[in-house]
A.B. asks: 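Got a structure for you, questions after.
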Amino acid sequence: MAAAAGAGGHYLELCDSPVQFEKVSAVNNVFFDEANKQVFAVRSGGATGVVVKGPDDKSCISFRMEDKGEVKCIKFSFGNKILAVQRTPKAVDFINFIPDLPQTEYSQECKTKNANILGFCWTSSSEIVFITDQGIEFYQVLPDKRCLKLLKNQNINVNWCMYCPETAVLLLSTTVQGNVLQPFYFRSGTMSKMPKFEIELPASPKPGSVTLSDRDIIMATIYGQLYVLYLKHQPRTPNNPGAEVILYYLPREGQCKKMHILKLNTTGKFALNVVDNLVVVHHQSSQTSLIFDIKLRAEFDGTVTLHHQVLPALSIHPCKIPRAGPSAVTTQSPVPCELYSSSWSVFQPDIIINASEGFLWCLQMKLQPMVHMLQDKGRLMDFLLQRKDCKMVTLSVCCQMLSATERGSLPVIATIFDKLNQVYKEYLEAEQNYTLAVESGANRGSSTQKRPVRTQAVIDQSDMYTHVLSVFTEKKDLPHKFISAVLMEYIRSLNQYQITVQHYLYELVIKTLVQHSLFYMLHQFLQYHVLSDSKPLACLLLSLESTYPPAHQLSLDMLKRLSTANDEIVEVLLSKHQVLGALRFIRSVGSHDSISARKFLDAARQTGDAMLFYTTFKFFEQRNQRLRGSSHFTPGEHCEEHITHFKSLFGEQALLTAMAV
């Protein structure tokens, strides 16, 4: 593992703005509350001083409370309304931080006789559960009455406990070896017992000598599902690659199931984080970290899925921390942070604390360095599209595979486009289903469906056009046939997923073909409807007539096929002085009784062709006669100047004769 640390780049880093608190050497104790992500620095002596800080807090909370002994555990309820403090194995004390309520402490002893409190956790802003060595006690806190009400309790022998605030699931270790785990679920004043399950311990020559410790278990939500992660230590032998992390899927209902195994291929001291749905395994002796993605393709042995690290093991990116000392010397340059320190404590999902130095960091993922580490572009895309901030990196990968230096093959490019458009299509369908649900719900007066969230993995046609394709078509160092093939491959992918292609993509194709004089290909694409008919596309073809004369007829043919573009066809024909052609077209579609006579007479007169004007004038005279029994033009048609012009060309007698017919 250590050898890989020299590879280029770092894909993990500690946040730029860590939470700084007093070193553990300067206070009596430091506690971390995973539910609120808060660090409590507690200092005793006469009165107990407490400073509370968290990564999401704009300012710290500091207060003093009466010194009643050593603080064993301290946590705020959600919203920092009520403080719970454990000082003895038998009771938990409470202090209200609610305006207009006194801050006088009140206390609650555990109900079970001879039981010792192992810990407690807030399950809501006013509900708390005590975990004792003999069971759990679920209480409602009544701050105004300064007392607690027992809601439910459960007797069970407990070795240790673990709580996941995100899912409100409490995990209890039972039995002598500690490997039978009993979960409970809390919601709105209720406590539900979930099916228990057993963790498979490593084989041992002495039965019962191996026990399950809470140091080797974490609970985390990965891709929206709750997992219990077990760090299984075992020696490295020819038949055994070493330690592994086993993931047990813990559903709300139904039995817990062993689903995934992460192969670490080494031994030693490990710590686990979950960042952006990735399991991060820190290895202290090599000072490197590995990342695993349970959604990537992996080997399935018929029971569980076996995963190997996604990328080479690398160290967290080096960082610096402010130099310790009085305020007078804070201007000194920061010093390097000791990574993978023995004084590090790791909390879920992404927290790292160094109590000896007084810092809390959030662990972060850097995607850009990974682009050149994963050679399989399809696998890289599968990985990126699951990450939270993936859009710009994903688009950069598309640009990279379309560059002259790192040009990908068309099959690989097609695969990437399909992966992008599959996510795009899923989002469009979710949006459509949501719209339908809202409309039907509005008719019935209610709709419970939530609007789908557009993640950064949704890369639509506008994104591709702006950041990738429009730039790509301007490249001078790429074969024009390759450029055309890539554009058509993207359109093919959109069609495959039944996504309506936006006209600006077709325009890009046509402009690219014309730019490289690929007129035969353009003609073929239009003739075989590879490029879908649209009014904007027809107008673009018209504009290309001077460069490619057949584009005019191609445009007219397209407009005719649309059957909703009759007005546009007339305008095109008149602009080309094809007045008789426009009249024939109007007659063919049955609209000749409603068209404007003045528009056609204007166009005929502008040609300067007297016979064309005569024919056009006679056409409308005959229409007038047929519709109204008279060849006269009505005042509303505003044709007076054309009547005058007709007289000047052909004489009064020609007009009168026409009118008398």
A.B. asks: Okay, side chain of Asn273, backbone of Phe347: is any donor-acceptor separation there less than 3.5 Å?
C.D. replies: yes
A.B. asks: Tell me the closest heavy-atom pair linking Ile316 and Glu13, and the distance in Å.
C.D. replies: CG2-CA, 3.9 Å
A.B. asks: Please indicate whether Lys366 has more than 12 foreign heavy atoms, meaning atoms of other residues, nucleotides or ligands, lying under 6.0 Å from its NZ.
C.D. replies: yes
A.B. asks: CD1/Ile136 to SG/Cys110 distance, rounded to the nearest 0.5 angstrom?
C.D. replies: 13.5 Å
A.B. asks: Dump the intermediate steps for side chain to side chain contact (heavy atoms under 4.5 Å, CB included) on Ile217 and Leu212, then the final yes or no.
C.D. replies: CA-CA 8 Å; Ile217 293 286; Leu212 185 66; 4.1 Å; yes
A.B. asks: Is there side-chain contact between Leu118 and Trp160, with at least one heavy-atom pair below 4.5 Å?
C.D. replies: no
A.B. asks: Counting N and O atoms only, with roles assigned by atom type, does the side chain of Gln386 sit under 3.5 Å from a partner on the main chain of Lys295, one being a donor and the other an acceptor?
C.D. replies: no
A.B. asks: Would you say NZ of Lys196 has more than 12 non-hydrogen atoms from neighbouring residues, nucleotides or ligands within 6.0 angstrom?
C.D. replies: no
A.B. asks: Just how far is it from atom CD of Glu105 to atom CZ of Arg146, taken to the nearest 0.5 Å?
C.D. replies: 9.5 Å
A.B. asks: Using atom types as modelled and distance alone, determine if a side-chain donor or acceptor of Glu244 lies under 3.5 Å from a backbone N or O of Asn265.
C.D. replies: no
A.B. asks: Keeping the roles fixed (side chain from Ser77, backbone from Ser126), state whether a donor-acceptor pair exists under 3.5 Å.
C.D. replies: no
A.B. asks: Before giving the answer on side chain to side chain contact (heavy atoms under 4.5 Å, CB included), spell out for Leu272 and Val346 the whole-Å C-alpha distance, their side-chain angles and the decisive distance to 0.1 Å.
C.D. replies: CA-CA 7 Å; Leu272 304 180; Val346 175; 5.9 Å; no
A.B. asks: Which heavy-atom pair separates Pro349 from Lys37 by the least distance, and what is that distance?
C.D. replies: CD-NZ, 3.5 Å
A.B. asks: Looking at Asp67 and Gly69, would you say the former's side chain and the latter's main chain have a donor-acceptor pair under 3.5 Å?
C.D. replies: yes
A.B. asks: Is a side-chain N or O of Asp350 found less than 3.5 angstrom from the main chain of Cys362, in a donor-acceptor match?
C.D. replies: no
A.B. asks: Using a 4.5 Å cut-off on heavy atoms from C-beta on, say whether the side chain of Pro183 contacts that of Phe197.
C.D. replies: yes
A.B. asks: Any non-hydrogen side-chain atom of Leu201 less than 4.5 Å from a side-chain atom of Gln177?
C.D. replies: yes
A.B. asks: Within the structure provided, determine whether Cys161 and Leu170 are in side-chain contact (heavy-atom separation under 4.5 Å).
C.D. replies: yes
A.B. asks: Just do the side chain to side chain contact (heavy atoms under 4.5 Å, CB included) check on Phe383 and Ile291 with the steps written out, would you?
C.D. replies: CA-CA 11 Å; Phe383 177 84; Ile291 59 172; 4.1 Å; yes
A.B. asks: Let me check something: any side-chain donor-acceptor pairs from residues 186-193 under 3.5 Å, sequence neighbours excluded? List them with distances.
C.D. replies:
unit_1 : atom_1 : unit_2 : atom_2 : d
Thr190 : OG1    : Arg187 : O      : 2.5

A.B. asks: Of all the heavy-atom pairs spanning Ala313 and Tyr11, show the shortest one and how long it is.
C.D. replies: CA-OH, 3.8 Å
A.B. asks: Any side-chain heavy-atom pair from Thr221 and Val274 closer than 4.5 angstrom?
C.D. replies: no
A.B. asks: Mark yes or no for whether Gln86, through its side chain, and Thr88, through its backbone, hold a donor-acceptor pair below 3.5 Å.
C.D. replies: yes
A.B. asks: Roughly how far apart are Lys53 NZ and Gln20 CD, rounded to 0.5 Å?
C.D. replies: 6.5 Å
A.B. asks: Checking Asn96 against Lys81 for the side-chain hydrogen bond (donor to acceptor under 3.5 Å, both in side chains) test, could you report, in this order, the C-alpha distance in whole Å, the side-chain angles of both residues, the deciding distance, and whether it holds?
C.D. replies: CA-CA 6 Å; Asn96 293 331; Lys81 300 296 185 183; over 6 Å; no
A.B. asks: Looking at Lys388 and Asp276, is any side-chain nitrogen of the basic one under 4.0 Å from a carboxylate oxygen of the acidic one?
C.D. replies: no
A.B. asks: Would the Tyr230 and Tyr248 ring centres measure less than 6.0 Å apart?
C.D. replies: no
A.B. asks: Just so I know, are the side chains of Met392 and Leu367 near enough to count as touching, which here means a heavy-atom distance under 4.5 Å?
C.D. replies: no
A.B. asks: Minimum heavy-atom separation for Ala84 and Val92, please, with both atom names.
C.D. replies: CB-CG1, 4.0 Å
A.B. asks: What verdict does the side-chain hydrogen bond (donor to acceptor under 3.5 Å, both in side chains) test give for Thr132 and Glu137, after you've listed the backbone C-alpha separation in whole Å, the side-chain angles of each residue and the deciding distance to 0.1 Å?
C.D. replies: CA-CA 8 Å; Thr132 74; Glu137 301 173 4; 5.2 Å; no
A.B. asks: Measure the acute angle between the ring planes of His10 and His317, then classify it against the limits of 30° and 60° as parallel, tilted or perpendicular.
C.D. replies: perpendicular
A.B. asks: Treating Ser289 as the side-chain partner and Val280 as the backbone partner, does any N or O pair qualify as donor plus acceptor under 3.5 Å?
C.D. replies: no
A.B. asks: Look only at the side chain of Gln182 and the backbone of Met194, and say whether a donor-acceptor pair between them is shorter than 3.5 Å.
C.D. replies: yes
A.B. asks: Keeping Gln134 on the side-chain end and Asn157 on the backbone end, is there a donor-acceptor pair under 3.5 Å?
C.D. replies: no
A.B. asks: For the residue pair Phe76 and Phe63, categorise the inter-ring angle as parallel (less than 30°), tilted (30 to 60°) or perpendicular (more than 60°).
C.D. replies: perpendicular
A.B. asks: Any chance you could lay out the side chain to side chain contact (heavy atoms under 4.5 Å, CB included) test for Thr167 and Tyr185, step after step, and finish with the verdict?
C.D. replies: CA-CA 8 Å; Thr167 57; Tyr185 170 60; 6.0 Å; no
A.B. asks: How far does CG of Leu250 sit from NZ of Lys257, to the nearest 0.5 angstrom?
C.D. replies: 14.0 Å
A.B. asks: Please round to the nearest 0.5 Å and tell me the distance separating atom NZ of Lys258 and atom CD1 of Ile199.
C.D. replies: 9.0 Å
A.B. asks: Measuring only between side-chain heavy atoms, which start at C-beta, is Val304 closer than 4.5 Å to Ile246?
C.D. replies: no
A.B. asks: So which heavy atom on His307 is nearest to which on Ala298, and how close?
C.D. replies: ND1-CB, 3.5 Å
A.B. asks: Do Asn277 and Arg387 make a side-chain contact, defined as non-hydrogen atoms from C-beta onward lying under 4.5 Å apart?
C.D. replies: yes
A.B. asks: Roughly how far, to the nearest 0.5 Å, is CG of Asn354 from CZ of Phe21?
C.D. replies: 7.5 Å
A.B. asks: Taking Arg297 first and then Asp382, would you say they form a salt bridge - that is, a charged N and a carboxylate O separated by under 4.0 Å?
C.D. replies: yes
A.B. asks: Under 30°, 30 to 60°, or over 60°: which ring-plane class applies to Tyr139 and Phe130, parallel, tilted or perpendicular?
C.D. replies: tilted
A.B. asks: Is Lys263 paired with Glu299 through a side-chain N to carboxylate O contact shorter than 4.0 Å?
C.D. replies: no
A.B. asks: Check Arg451 with Glu431, please: is the shortest side-chain N to carboxylate O separation under 4.0 Å?
C.D. replies: yes
A.B. asks: Minimum heavy-atom separation for Leu385 and Ala457, please, with both atom names.
C.D. replies: O-CB, 3.2 Å
A.B. asks: Return the orientation label for the Phe270 and His283 ring planes: parallel under 30°, perpendicular over 60°, tilted otherwise.
C.D. replies: parallel
